[in-house]
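On a predicted model such as this, the values are computed, not experimentally measured, just so you know.
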Amino acid sequence: MSRIEKLMKMLEVDGSDAFVLYGIAQEHARAGRHAEAVAFYDRCIAADGAYCYAYYHKAVSQQAGGDVDGARTTLTAGMRAAEKAGEGKALGEMQGLMEGIGEC
């Protein structure tokens with residue numbers, strides 16, 4: 001059984017488990033399935049708006065899929081969430097990604 005299959009089984013137990021949703025998104029992103037990854041990052045963020053790295057990786061997948069404006073919007077929301085949650089490291093990483101996207 002693949003990791004994504006295991007995670008999907010776990011999701012059947014609790015469809016709003018942000019950790020599992022994030023893991024599924026990560027697996028899709030690693031496989032280059034960015035649209036699917038974005039959908040699961042969205043579900044993760046809906047389940048837990050303070051899951052800061054979901055915003056970061058969603059923006060990376062959006063950028064990889066050619067949605068640069070969407071990535072900027074995601075990072076803006078993510079930076080607000082990181083500030084609110086006191087997640088300085090995540091905030092800094094999102095700011096760095098935003099600067100890199102600004103150069104595109």
Side-chain angles (χ1 to χ4, degrees):
M1 186 181 292
S2 71
R3 281 192 293 215
I4 200 159
E5 289 171 328
K6 290 176 186 174
L7 288 165
M8 293 300 283
K9 284 232 179 259
M10 293 170 67
L11 191 60
E12 290 174 12
V13 174
D14 181 359
S16 64
D17 185 322
F19 180 77
V20 174
L21 291 164
Y22 179 79
I24 294 168
Q26 290 287 88
E27 291 300 317
H28 282 298
R30 276 187 211 120
R33 296 185 299 269
H34 297 292
E36 292 90 342
V38 168
F40 277 96
Y41 289 127
D42 281 339
R43 288 180 62 185
C44 175
I45 292 165
D48 180 357
Y51 210 112
C52 296
Y53 282 100
Y55 295 95
Y56 177 90
H57 288 286
K58 176 184 173 187
V60 169
S61 281
Q62 288 173 305
Q63 184 180 18
D67 184 8
V68 175
D69 290 336
R72 287 187 185 112
T73 299
T74 296
L75 288 170
T76 299
M79 288 186 284
R80 280 194 304 267
E83 286 175 350
K84 185 176 177 181
E87 292 285 346
K89 184 173 188 283
L91 175 61
E93 290 182 18
M94 284 188 266
Q95 288 170 332
L97 183 58
M98 181 71 94
E99 290 170 11
I101 288 174
E103 296 169 3
C104 292

Under 3.5 Å, side-chain donor or acceptor atoms of residues 5-14 against the rest of the protein: list the pairs with distances, not counting sequence neighbours.
residue : atom : partner : partner atom : Å
E5      : OE1  : S2      : N            : 2.8
E5      : OE1  : S2      : OG           : 3.4
D14     : OD1  : S16     : N            : 3.0
D14     : OD1  : S16     : OG           : 3.0

For T74 against A59, the heavy-atom pair lying closest together:
CG2-N, 4.0 Å
Starting from the C-alpha separation in whole Å, work towards a yes-or-no answer on side chain to side chain contact (heavy atoms under 4.5 Å, CB included) for R72 and D67.
CA-CA 9 Å; R72 287 187 185 112; D67 184 8; over 6 Å; no
Rounded to the nearest 0.5 Å, what's the gap from CD1 on I101 to CE on M94? Could you check?
11.5 Å
Once rounded to the nearest 0.5 Å, what's the spacing between atom CG of L75 and atom CD of Q63?
8.5 Å
Where is the tightest heavy-atom contact between A29 and S61, given as atom of each residue plus distance?
CB-OG, 3.7 Å
Using modelled atom types and a 3.5 Å cut-off, is there a donor and acceptor pairing between side-chain atoms of Y55 and backbone atoms of G49?
yes
Would D69 and Q62 count as a side chain to side chain contact (heavy atoms under 4.5 Å, CB included) here? Give the steps.
CA-CA 9 Å; D69 290 336; Q62 288 173 305; over 6 Å; no
Sorted by chain and residue number, the ring-ring contact (aromatic ring centres under 6.0 Å, His included) partners of F40 (sequence neighbours excluded) come out as H28
Is M98 close to T76 at the side-chain level, that is, under 4.5 Å between some pair of heavy atoms?
yes
Search all heavy atoms of E27 against all heavy atoms of R3 and return the closest pair with its distance.
OE2-NE, 3.2 Å
Results of side-chain contact (heavy atoms from CB on, under 4.5 Å) for Q26 - residues two or more places apart only
Y22, R30, Y41, H57
Show the numbers, then the answer: is there a side chain to side chain contact (heavy atoms under 4.5 Å, CB included) between L97 and Y56?
CA-CA 8 Å; L97 183 58; Y56 177 90; 3.7 Å; yes
Atom of A47, atom of L21 and distance for their closest heavy-atom approach:
CB-CD1, 4.1 Å
Inter-residue atom distance K58.NZ - D42.CG, 0.5 Å rounding
3.5 Å
Quick check on the hydrophobic clustering: are V68 and V38 connected, directly or via other members, by side-chain heavy-atom contacts under 4.5 Å?
no
Trace of the side chain to side chain contact (heavy atoms under 4.5 Å, CB included) decision for C52 with M79:
CA-CA 8 Å; C52 296; M79 288 186 284; over 6 Å; no
Which atom pair, heavy atoms only, marks the closest approach of K89 to Y53?
CG-OH, 3.6 Å
